[in-house]
Amino acid sequence: MSVAITSSPMQHGQLETNRLMLLVIAACLPGVGIGTWFFGYGIIINITLAALAALVLEAMLLTLRKRELKFYLGDNSALVTAMLFGITMPPGSIWWMVLAGIAFAIVIGKHAYGGLGQNAFNPAMCGYLFLLLSFPLEMTSWHIPSDTLVEGASFSPLGWQGLQQSLLLSFPFLAADETTVQLTIDGLTMATPLIEFKMSAQNALLAAWETELPLFARSSGTGWELVNIGYLLGGLLLLYKRIISWHIPASIIGTITLLSLLMYAPGSTAIYGTTYLHLFGSATMICAFFIATDPVSAATSNLGRIVYGIIIGISIYAIRVWGSYLDSIAIAVLFGNFCAPLLDHYLRPRVYGRQKASLPGGKRRTG
Amino acid sequence: MSQQQHSIKIARKLRAHRIFGGIKPLALKARSLRSRIMPAPIPEILILPLLQHQGSPAAPIVNVGDQVLKYQLLAAAEGPPSVPVHAPTSGEITAITDSPIPGHGEQSGRCILLRADGEDNAIDLQPLPDHRALNHWQLLERVNSAGICGMGGAGFPTTEKLRASMERGIELLIINAVECEPHISADEALIRERAAAVVSGAEILQSICLANRCVIAIERDKHDAVKQLRDSLESSSVELLELPSKYPTGGEKQIIQAVTGLEVPHDALPMDIGVLVQNAGTAYAVHDAITEGKPCISRITTLTGAPLQTPKNFDALIGTPVSFLFALCGIEESLHTGSIMGGSLMGLDLVSTDVPLIKTSNCLIAKSRAEFPESKPEQACIRCGYCATACPARLLPQQLYAYSCNQDLEQLEQLNLADCIECGACDYVCPSHIPLVQNFRASKQTLAIRGQHSQTSAQWRRRFQFHQYRLKKEADAAQENKSAHRTAPEADYEEGGFSRDKARQEITAAVERVATRRRNRITSSGESDQERH
C-alpha cells in the first residue's frame, strides 16, 4: 500500500476547466448552425481557420514560454477564443485577415499578458478590434453567397455552389480566373440590420423599416433574429449547466432593453431602434452570453458582475446609437474589461459575521 | 441578567434559512447505512491518547503494570481546558509512551497502552434515570468527569462550552445532527436507532445550559432519522428543524445561520449572540454519562470506502486501532490506497492505520484509486468565480489565492482570510484543481507568525524605550544628586539617619544573612526536591 499524504478536501467536483471550455464551444453550436443555414459556410470557414491557427500559435508560444505543451494546450482555451473570434468575424472575410486577427488575439491579447488567467482583456475581442481599426470597411460588410449570381432559382447557400462561393470569398487564390472573385464580392456585400437601420434612419426611412427593408425576411437569406435565438439557447444551456452565472447576461440584456424602451420614438428621424431590433437584430445575445461572460477578463463578485454588465450594456447602446463605430460589441466589452479590476477591488461581498463589506485601502499600515 | 446582554430575536416558529454559498456533493452515505450499528469487538491492545480534544492533555493517574477495570479513570483532566480519559475495558496498563496518533502528517503523542484481558469487568456505575434530580451544576460536574468533548470532529471540551454558556446566558441550544460531509453517516445511524437517547441528551444539555429553547437540526433527506426523531419528540419541548442538504450546513457558524438567520460576528462566539451548538453524538454521550453514569469510552463511527466489503457503522471502543476496524469490514488490501479520519472534505489523511480511534473520530474512510484519484496537476485560475459562489463565509477565494501566491499579507488580512473555515467548498468546485485550502492554511500560518513577530518586536521596542527612559531618569537623578551634593555635603547624610559606620554594619549583616541561607539550602535540598515531586 503506497500512501501519498494529501490535505483536505480530498474529494472534488467533476467540472474541469478543459471540459468547461468544451461546453462553451458546444453551446455556440446552435447559433453557428443557424448562422450557417442563413449565411452559408463563411462562419464555419472562419472558425476552422481561426481554430487551426490558434492551436498552432498557442503551441508555438507555449514552447517559447517553456510550458508543458500537451497539458496547457489541452485546456482548450485557445479553441474558445478561436470560436468566438470566428463567429464575430464577417463571413467571407479573406483568409489573411482571419489569421492576422487570431494572431493578435493569441499573441498580444493572451500570451503577452501571461497566458490563460492573466489576460486583462478578452483576446477574441482584442483581435476583432485590431482588425476593425485596421480594416474598417472590410470588417463591417458581410459577404455571403447569394442567388443573385446564379442563374436559376434552386440556389442554396448550403449547396455545392454556396460552398464554392464561400471558399472563393475566403481564399480568392483558389479561383480559376480573377473575374469570378470580383463578381462574387461586388454582388454579395451586406451589413447587419442595425447598420442598415442606422444608415437608412438618417435618410428618414424609419417608420416602415420592417416592410421596406427585408432584413428579417427569410427569403433574403438573412436570419438575424433566429441566429440570436440560437445563441440565446446556447446561453441558456450554459446557465443551466452553471457554467456562467446569470448576472452578466441579465444586466446586459436588461440595460439594453431599458435604454431602448426609454429612447424609442417611432416615427422620429432619430436613429433609435426598437428593443427587438437591439436585442435580436445584432450581436447582443452572443455578447451577453458568450463574450462578456469570459471569466478571465470579467468582474468576479456578483455585484461587480452586475455593474460590469450595466457598463457594457450602456456602452453597447451608446456606441450603436450615438457613436461613430458601427460594431459596438468589441469596444463595449473591452471597456468593461478596463473597469473589471476596479469593480473587483471595490465591490466585494460582505463577509459572514462582518458588518460591512471590507473597503480595501482604508487602513494602510506604513513601515 | 445576562439574558438581556444579547438582543437576539428568534422567531417563535423556526424555519430553515439559507446559508451563504455551499455545495451539494454526491452523498455517499447509503452504503454504510445498509446495516445496523454493530458493536465492535474488543481489540487486544487499546491505544488511549492523552490528548483527544482541543486543549491540554490529561495527566495519567495509573502506572505501568496496573490492572484496571472498565470505566476506571486513567488520566485526569489537567487545567482547563482538558478532558479526562477512562479505561474502555478491563486489562493491564502495558506502557505510557509516545505512539502515533491521528494528525497532520506523522504525528505522535503520549498514549496509555492498555492490554485487554477479555473479561470486560467494570466498576460500579451510578445511574441516574431522571436528570431532574440534580441541579445544573451537579449535572455539569458529571459531564465533566465523564470525559466528553465535541464528538462532531472539533473536539472542544463540552464542559468548557457549557460552563461559558451558563455564565453568559443562552437563548437557544442547537443540537447539530446535520452531518453534511458526504461519507459520514454516524449521526444518522445513531438517530435512526437511538433517537430517544439523543433527545434525552438534548434535554439534559438544555437543562445544564439553561437555554430557553432547544432545537435538533437535521438534513431533510435523512428520512428514517427524521421520522424517528419526530416520534421521540412528541412528548418533549425540544423542537425539530429540517434543513435542506447542503455542505457545509453542519459547520457551527453555518448551522446557526441556517436555524436562526443570524450570523456570529467575526470577533465573537456563538454564545455572544445567545446560541450554543452541540453535536448529536455529544448529546448521546451526555445521555449515557448522566442517566447511566458511563464515561465516554466508545463512540459510533462510520467505516466506509470502496475497499471495504461491508461498510457499516460501528459502536467501537475509543483506542481501537484503525486497522482492526478496517479488518472487521473485510478490507481488500489491493484496492486500499490510503485512509482518512473524518470526512472526505475536512478529514485528516492518515499516515498509517496503526493510529487509534479517538473521541472525535466520526468516520474512517478507506481510500481507493477510483474514488480518490491522485490530485490532478494545477491549471491556470480562470477567475470563474465558482469558489466565491461556494464559499460559506462569502470570501473571495480566487482573490485570496492570487494574493497568497504573492504573499501580500496586507491584502489577505483585508480580504478577511482569518474568517476562512477551511471547509474545502472552494477546492471542491475549482475546475482548475487549485489546492486553495492548502494555500490558505499556509498563508494563515504566515500571518500568525508575522503577528507574533510584530508582537515580539513591539515588546522589544517597549523594553528598549523603557530602558532609554530609565537611563535618562538615572542620569537626571545623578545630575540632581550632584547639584544637591554641591549645595549641602555630609550634613545631609547624618540628618537622614545615614552614617558610614551604620552602612558598613548593615552590609556585613546582609552578607551574613545570605551566607546562612545558602548553607541551609544545601543541607535541605534533598528533602525539598522530593517534596516537589
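FYI, side chains are in, hydrogens and waters are out, and symmetry mates aren't considered; it's all heavy atoms of this structure. Naming: A, B, ... by sequence-line order, numbering from 1 per chain.
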For each of A/Asp344, A/Leu15, A/Asn18, A/Thr17, tally heavy-atom pairs with chain B at distances under 4.5 Å, and name the one with the top tally.
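Looking at each of A/Asp344, A/Leu15, A/Asn18, A/Thr17 in turn, A/Thr17 comes out on top.
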Ranking A/Thr300, A/Asn302, A/Ile244 by heavy-atom pairs under 4.5 Å to chain B gives rank one to A/Thr300
Are the side chains of [X] and [Y] in touch, meaning some heavy atoms are under 4.5 Å apart?
| X | Y | answer |
| --- | --- | --- |
| B/Ile421 | B/Gln254 | yes |
| B/Ile340 | A/Met10 | yes |
| B/Thr302 | B/Ser32 | yes |
| B/Leu345 | B/Pro25 | yes |
| B/Ser404 | B/Leu400 | no |
| B/Cys426 | B/Cys391 | no |

Chain B neighbours within residues 106-122 of chain A, where any heavy atom lies under 4.5 Å away
A/Leu116, A/Gly117
So for [X], is it side chain, backbone, both, or neither that comes closer than 4.5 Å to the heavy atoms of chain A?
| X | answer |
| --- | --- |
| B/Leu396 | side chain |
| B/Lys376 | side chain |
| B/Gln399 | side chain |
| B/Cys430 | backbone |
| B/Asp427 | both |
| B/Gln398 | side chain |
| B/Val437 | side chain |

Considering only NZ, NE, NH1 and NH2 on the basic side and carboxylate oxygens on the acidic side, decide whether A/Glu58 and A/Lys70 come within less than 4.0 Å.
no
Salt bridge present between B/Glu263 and B/Arg394 (N-O < 4.0 angstrom)
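No, no charged N to carboxylate O under 4.0 Å.
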Indicate the ring-plane relationship of B/Phe20 and A/Tyr352, choosing parallel, tilted or perpendicular according to the 30° and 60° boundaries.
perpendicular
What part of A/Arg242 gets within 4.5 angstrom of chain B, counting heavy atoms only: side chain, backbone, both, or neither?
backbone
Measuring from B/Ile184:CD1 to B/Ser361:OG, what's the distance to the nearest 0.5 Å?
10.5 Å
Selection from B/Pro377, B/Gly385, B/Ala388 maximising heavy-atom pairs under 4.5 Å formed with chain A
B/Pro377
Chain A interface, residue from B/Ser344, B/Ser432, B/Gly342 that has the most non-hydrogen pairs under 4.5 Å
B/Ser344
Does the pair B/His183 and B/Thr304 meet the rule for a side chain to side chain donor-acceptor pair (under 3.5 Å), with working shown?
CA-CA 7 Å; B/His183 285 84; B/Thr304 186; 5.7 Å; no
